[in-house]
2 protein chains.
Amino acid sequence: MSLSPALITETARSLLIRYGLPDVSMRRLAKELGVAPGALYYHVSSKQVLLTQVAQEILAPLRAEAADARTLMLRLRELMLPLRDSGDLLLLAYALDPRLPPAHVLPAQLRAQGWSEAEASRTTAAVMRFALGAIATEQNQRLLDAEQDTAVQNTADQNPGEAADEDPLAVEAEQIYLHGLEVLLARPSLRA
Amino acid sequence: MSLSPALITETARSLLIRYGLPDVSMRRLAKELGVAPGALYYHVSSKQVLLTQVAQEILAPLRAEAADARTLMLRLRELMLPLRDSGDLLLLAYALDPRLPPAHVLPAQLRAQGWSEAEASRTTAAVMRFALGAIATEQNQRLLDAEQDTAVQNTADQNPGEAADEDPLAVEAEQIYLHGLEVLLARPSLRA
DNA sequence: ACCTGAACACCGTTCAAGT
DNA sequence: ACCTGAACACCGTTCAAGT
């Protein structure tokens with residue numbers, strides 16, 4: 001089988017899922033496809049557009065879902081959180097396309113709930129920015145914790161006193177996310 | 001004068017201000033200091049800790065300011081927005097230290113306004129995530145617009161029909177930021 | 001049309017060896 | 001103690017040349 005834009009983005013996506021964004025390099029991608037690095041540039045104009053394409057594909061399932069704003073925002077977090085370091089990716093894709101799912105349906109949904117057009121579009125932008133910031137923060141915290149864990153591994157082996165707790169940081173992160181959504185998506189009449 | 005952690009972070013900061021984050025590499029930094037790249041690692045353990053140190057220094061002025069939450073968050077945006085691509089930097093520094101200014105004083109301020117401790121800490125986390133997401137988004141949009149501008153330069157020269165407008169995207173971005181702050185920092189009694 | 005080989009101009013980090 | 005030189009293992013991108 002020969003190369004194609006679709007095959008390249010699909011392979012990039014699989015690398016992202018398996019190893020995280022830092023391991024999605026053009027050279028690694030080429031190796032995975034059994035091809036010279038330069039070959040990719042016959043099908044894809046740059047790494048940046050390739051990655052935003054990948055982001056769009058990962059979020060594509062959200063286009064088919066008919067759920068309310070809150071649920072869609074929760075799904076966004078579920079989809080992206082496991083992809084290591086993908087926060088930057090999302091931030092870039094959103095800057096390039098402010099209609100990135102789930103932002104593509106939020107304004108219409110909020111309008112249907114009685115929001116004005118100006119309020120609906122401002123709130124969509126605000127809630128997306130909050131979500132992207134929150135997801136990137138959570139991913140960074142996980143990475144940093146993982147580094148610290150491996151660094152402390154030996155000391156922990158010699159000192160198994162404290163039990164492994166339920167990762168209160170992760171639980172807290174989810175509460176923060178829920179809280180932000182609740183406040184930002186609250187009906188405007190409640191604030192007037 | 002010889003190398004020191006302080007001199008290195010100060011030079012990194014000046015590179016960041018002058019050229020943006022992509023131009024702050026250890027090798028570029030070494031060249032700027034007239035030293036071999038390896039020399040930096042005698043004073044600094046990694047690029048990551050160096051950059052978070054730089055972020056802390058850039059935000060240090062906020063530690064001295066005695067302003068309300070909203071003003072501090074606006075100052076945060078003013079400080080970071082001009083530093084090209086520094087959003088990632090901020091996201092990393094905040095993940096490493098959730099008490100990064102202005103987060104270090106927000107909980108106490110909110111408590112003084114009658115918020116409960118739980119509400120104050122959750123709101124601080126939410127508003128910081130929103131701000132970091134918003135700043136990163138704005139910086140990315142600027143970068144992408146700049147790329148497009150240089151690409152369209154020639155066509156624009158030949159076609160000077162439309163006047164250069166007031167950059168409505170930037171104005172809109174500020175409104176979104178103000179709106180997010182207003183909603184997230186609204187007194188909890190107004191939502192109960 | 002599609003791809004290779006090779007190059008250009010970079011990265012972060014380590015480490016023996018020098019002073 | 002502090003730094004150099006050189007290496008290791010990478011980057012994104014371009015482009016003549018091949019098929």
Side-chain angles (χ1 to χ4, degrees), chain A residues 1-13 15-16 18-55 84-86 88-89 91-93 96 140 143-144 146-148 150-151, chain B residues 1-13 15-16 18-55 84-86 88-89 91-93 96 140 143-144 146-148 150-151:
Chain A
M1 72 205 158
S2 64
L3 237 40
S4 73
L7 181 58
I8 293 172
T9 52
E10 201 42 58
T11 306
R13 183 183 170 174
L15 280 179
L16 176 62
R18 282 188 283 160
Y19 308 110
L21 192 59
D23 279 1
V24 183
S25 70
M26 297 303 273
R27 295 182 110 100
R28 184 98 152 70
L29 200 45
K31 189 170 283 178
E32 195 82 4
L33 288 161
V35 87
L40 301 175
Y41 287 85
Y42 189 83
H43 304 276
V44 159
S45 59
S46 75
K47 186 182 181 183
Q48 203 179 85
V49 316
L50 169 61
L51 286 182
T52 59
Q53 192 62 43
V54 170
R84 243 185 299 171
D85 249 359
S86 59
D88 298 355
L89 179 56
L91 251 355
L92 189 77
L96 212 137
N140 280 340
L143 272 191
L144 295 170
E147 280 175 30
Q148 219 173 325
T150 54
Chain B
M1 74 207 156
S2 65
L3 236 41
S4 73
L7 180 59
I8 293 171
T9 52
E10 201 41 59
T11 307
R13 183 183 170 175
L15 281 179
L16 176 62
R18 282 188 282 161
Y19 308 110
L21 192 58
D23 279 4
V24 183
S25 70
M26 297 303 274
R27 296 180 110 100
R28 184 99 154 66
L29 201 45
K31 188 170 286 180
E32 195 82 5
L33 288 161
V35 88
L40 301 175
Y41 287 86
Y42 189 84
H43 304 275
V44 159
S45 59
S46 75
K47 186 183 181 182
Q48 203 179 87
V49 317
L50 169 61
L51 286 182
T52 60
Q53 192 62 43
V54 170
R84 243 184 300 172
D85 248 0
S86 60
D88 298 355
L89 179 57
L91 251 354
L92 189 78
L96 211 137
N140 280 340
L143 271 193
L144 296 171
E147 280 175 30
Q148 220 174 326
T150 54

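Computed from heavy atoms alone, side chains included, the values below leave out hydrogens, waters and symmetry copies. Protein chains get the first letters and strands the later ones, always in sequence-line order, with residue 1 at the start of each.
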**OP:** Scan L51(A), L15(A), V54(A) and name whichever one has a side-chain contact (heavy atoms from CB on, under 4.5 Å) with L21(A).
**Re:** L51(A)
List the atom of [X], the atom of [Y], and the distance in Å for their closest heavy-atom pair.
X	Y	result
T52(A)	A93(A)	CG2-CA, 4.1 Å
D23(A)	R28(A)	O-CG, 3.4 Å
L89(B)	A55(B)	CG-CB, 4.1 Å
L7(A)	T11(A)	O-OG1, 2.7 Å
S25(A)	K47(A)	CA-NZ, 4.2 Å

**OP:** For nucleotides dA9(D) and dC8(C), find the distance between their P atoms and express it as a whole number of Å.
**Re:**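 Comparing P positions in dA9(D) and dC8(C) gives a spacing of 22 Å.
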**OP:** Compare all side-chain heavy atoms of L91(B) with those of L91(A) and state whether any distance is below 4.5 angstrom.
**Re:**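 Yes - at least one pair of side-chain heavy atoms lies under 4.5 Å apart.
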**OP:** Provide, to the nearest angstrom, the distance between the CE atom belonging to M26(A) and the P atom belonging to dC15(D).
**Re:** 16 Å
Original post:
Taking atom C1' of dG5(D) as reference, at what distance in whole Å does atom CG of L40(B) sit?
Top reply: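 The answer, rounded to whole Å, is 15 Å.
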Original post:
Which residue lies toward the 5' end of DNA chain D, P22(A) or G38(B), if each is placed at its nearest nucleotide?
Top reply: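 Taking each residue's closest nucleotide, the earlier one in sequence belongs to G38(B).
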Original post:
Out of dG12(D), dC3(D), dT13(C), which nucleotide sits closest to the side chain of L3(B)?
Top reply: dC3(D)
Subject >> Among dC11(C), dC3(D), dG12(D), the nucleotide that comes nearest once only the side chain of S25(B) is considered >> reply: dC11(C)
**OP:** Could you tell me the separation between the CG atom of L143(A) and the CD atom of Q48(B), rounded to the nearest 0.5 Å?
**Re:**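 It is 8.0 Å, given to the nearest 0.5 Å.
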Original post:
So how far is it from L16(A) CG to T9(A) OG1, rounded to the nearest 0.5 Å?
Top reply: 12.0 Å
Original post:
Charged N to carboxylate O below 4.0 Å: is that the case for E32(B) and R27(B)?
Top reply: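 Salt bridge flag = no for R27(B) with E32(B).
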Original post:
Which parts of residues 27-37 of chain B get close to DNA chain D, meaning a heavy atom less than 4.0 angstrom away?
Top reply: R27(B), V35(B), A36(B)
Original post:
Where along residues 41-54 of chain B does a heavy atom fall under 4.0 Å from DNA chain C?
Top reply: Y41(B), S46(B), K47(B)
Original post:
For DNA chain C, what are the stems built from at least three Watson-Crick or G-U pairs in a row, each pair having both distances below 3.5 Å?
Top reply: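 Correct response: C:4-8 with D:12-16, C:12-16 with D:4-8.
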**OP:** Please say whether more than 12 non-hydrogen atoms of neighbouring residues, nucleotides or ligands are located less than 6.0 Å from CZ in R84(A).
**Re:**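 Not buried by this count: 12 neighbours or fewer within 6.0 Å.
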